[in-house]
Q: 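Take a look at this one; I'll ask things after.
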Number of protein chains: 2
Amino acid sequence: MISVEEIVNRLREQGERLTLQRRMVLDVLCQEGDHLSVHHVQQQLAEQGRDLTETTIYRVLQWLKERGIVSQTDLGQSGVVYQVIGLRLHHHLICLNCHQEIELDDQVMEALRALLRRDYHFEPRMDHMAFFGLCQVCQDYHSE
Amino acid sequence: MISVEEIVNRLREQGERLTLQRRMVLDVLCQEGDHLSVHHVQQQLAEQGRDLTETTIYRVLQWLKERGIVSQTDLGQSGVVYQVIGLRLHHHLICLNCHQEIELDDQVMEALRALLRRDYHFEPRMDHMAFFGLCQVCQDYHSE
DNA sequence: CTACATGCAAATCCTTTGCATCCAC
DNA sequence: GTGGATGCAAAGGATTTGCATGTAG
């Protein structure tokens, strides 16, 4: 489990500047955990009476992403979402037809990761992927 | 190898309406093959003295995508590109740091495709993927 | 003939930028 | 004190929409 304290300490050790706004965004990310959009982060904070500009949220999330703290995922119709890396590691299968989102265990990525490391000397950052295709129901329907 | 004729015939058999504009977009996609953006398609056509509105290009590409004729890929910094599926099948590794793009043989996707089909009854449409991470040079640099 | 596709202009959505002010270290 | 972060307003870019007109089947 990952806590805000843990992340803050890690960043401080790296000599990063910890502002109130950065802590606020991290708070929400750790509380909510899943699939937070920029707008969603702002809403959550507003409900707690803590206001942040969208601009700042974009900048903080970008900053966290560059430091490997959060992942950024484009879920297609559901937009772009952010998530603390390591907090409930998983991925998604998204149906192009009915837009159903199926959750995918991280384990399925291991073989591909290993292959990319070994054969391409590439260090993948596949922390929250979205794969598109057709779910079983829509496959059957399409082939009728 | 896939030709415009072949695609047009396939669509006609499905009862799709074949307009001049749709043929024009298909022409460019089959001629150029690789990584065509909406803007790029428009430019290519303009050079041949054949003008199309961006709106129409968006609509045609969307239409082709829904019918499984073209793939749509977000390459990150390099934007969104389209490509005829089956025409030089490949994928990309993209460095988050230096933005280098490494080409990836389609073969590496087979195991994951098989797993998604078998364990999730999901028919993946992974025809032109982009995976992000760090290339060897940037890994070494980052760890200094 | 008719339903569907296109062109144009305008709207919309998401994200970034410039610049003055503020604050963490 | 000072460099970097924030807030605000405005710009930017990509994509979508409404509606009149055109055209494939």
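Order of the sequence lines sets the chain letters (A, B, ...), proteins ahead of strands, with each chain counted from 1.
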Q: Could you state the CE-C1' distance from Met24(B) to dG7(C), rounded to the nearest angstrom?
A: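 Interatomic distance, CE of Met24(B) to C1' of dG7(C): 13 Å.
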Q: Nearest whole Å is fine: how far is dC4(C) P from Leu18(B) CG?
A: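 So the CG-P distance, Leu18(B) to dC4(C), works out to 16 Å.
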Q: Under 4.0 Å from any atom of DNA chain D, heavy atoms only: list the residues of residues 73-84 of chain B that qualify, in numerical order.
A: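 Val80(B) - these, ordered by number, are the residues of the stretch whose heavy atoms sit under 4.0 Å from the strand.
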Q: Output the single nucleotide from dT6(C), dC25(C), dG7(D) whose closest atom is nearest the side chain of Thr19(B).
A: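 Given the options dT6(C), dC25(C), dG7(D), the side chain of Thr19(B) is closest to dT6(C).
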Q: Got a sec: does the CD of Gln107(B) have more than 12 other heavy atoms crowding it under 6.0 Å?
A: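 No, the 6.0 Å shell around CD holds no more than 12 heavy atoms from other groups.
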Q: Are the charged groups of Arg88(B) and Glu103(B) less than 4.0 angstrom apart, N to O?
A: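 Here Arg88(B) pairs with Glu103(B) in a salt bridge, since their nearest N and O are under 4.0 Å apart.
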Q: Using only heavy-atom distances, determine whether the side chains of His91(A) and Asp106(A) contain a donor-acceptor pair under 3.5 Å.
A: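 Yes, Asp106(A) and His91(A) have a side-chain donor paired with an acceptor closer than 3.5 Å.
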Q: Does Gln72(B) or Arg22(A) map to a spot on DNA chain D nearer the 5' end, using the closest nucleotide for each?
A: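 It is Arg22(A) whose nearest nucleotide is closer to the 5' end.
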Q: Nearest 0.5 Å, please: how far is CG in Asp27(B) from CD in Gln48(B)?
A: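 So the gap between those two atoms works out to 7.5 Å.
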Q: When you measure from every atom of DNA chain D, which of residues 50-65 of chain A have a heavy atom less than 4.0 Å away?
A: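 Result for residues 50-65 of chain A: Leu52(A), Thr53(A), Thr55(A), Thr56(A), Arg59(A), sorted by number.
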Q: Whole angstrom is fine here: how far is it from CD in Gln42(B) over to P in dT6(C)?
A: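 Distance check: Gln42(B) CD to dT6(C) P gives 14 Å.
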Q: Looking across every strand, which nucleic acid part, if any, lies under 4.0 Å from Leu20(B) by heavy atom: base, sugar-phosphate, or nothing?
A: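 Counting heavy atoms under 4.0 Å across all strands, no contact is made by Leu20(B).
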Q: Does some side-chain heavy atom of Thr19(B) sit less than 4.5 Å from a side-chain heavy atom of Arg22(B)?
A: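 A side-chain contact exists here, since the closest heavy-atom pair is under 4.5 Å.
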Q: At under 4.0 Å, does any side-chain N or O of Gln21(A) touch on OP1 or OP2 of dG7(D)?
A: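 Yes, because at least one side-chain N or O of Gln21(A) sits under 4.0 Å from OP1 or OP2 of dG7(D).
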Q: How are the rings of His35(B) and His128(B) set relative to one another: parallel (under 30°), tilted (30 to 60°) or perpendicular (over 60°)?
A: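 Ring orientation of His35(B) relative to His128(B): parallel.
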Q: How many Å lie between CG on Leu26(B) and C1' on dA5(C), as a whole number?
A: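 Those two atoms, CG and C1', are 15 Å apart.
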Q: Less than 4.0 Å between a side-chain N and a carboxylate O, is that true for Glu110(B) and Arg113(B)?
A: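 Answer for the salt bridge query: yes.
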Q: When the distance from CD of Glu16(A) to P of dC25(C) is rounded to whole Å, what number comes out?
A: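 So the two atoms are 11 Å apart, to the nearest Å.
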Q: Closest approach to the side chain of Arg17(B), judged atom by atom: which nucleotide of dT6(C), dG25(D), dG4(D) is it?
A: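 Given the options dT6(C), dG25(D), dG4(D), the side chain of Arg17(B) is closest to dG25(D).
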Q: Please examine the side chains of Val80(B) and Leu75(B), heavy atoms only from C-beta on, and report whether any two atoms are closer than 4.5 Å.
A: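 Result no, sub-4.5 Å side-chain heavy-atom pair not found.
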Q: Please state how far atom CD in Glu66(A) lies from atom C1' in dT16(C), giving the value in whole angstrom units.
A: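 Computing the Glu66(A):CD to dT16(C):C1' distance gives 14 Å.
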Q: Do Gln136(B) and Gln100(B) have a side chain donor and acceptor closer than 3.5 Å?
A: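 No pair is found: no donor N or O on one side chain lies under 3.5 Å from an acceptor on the other.
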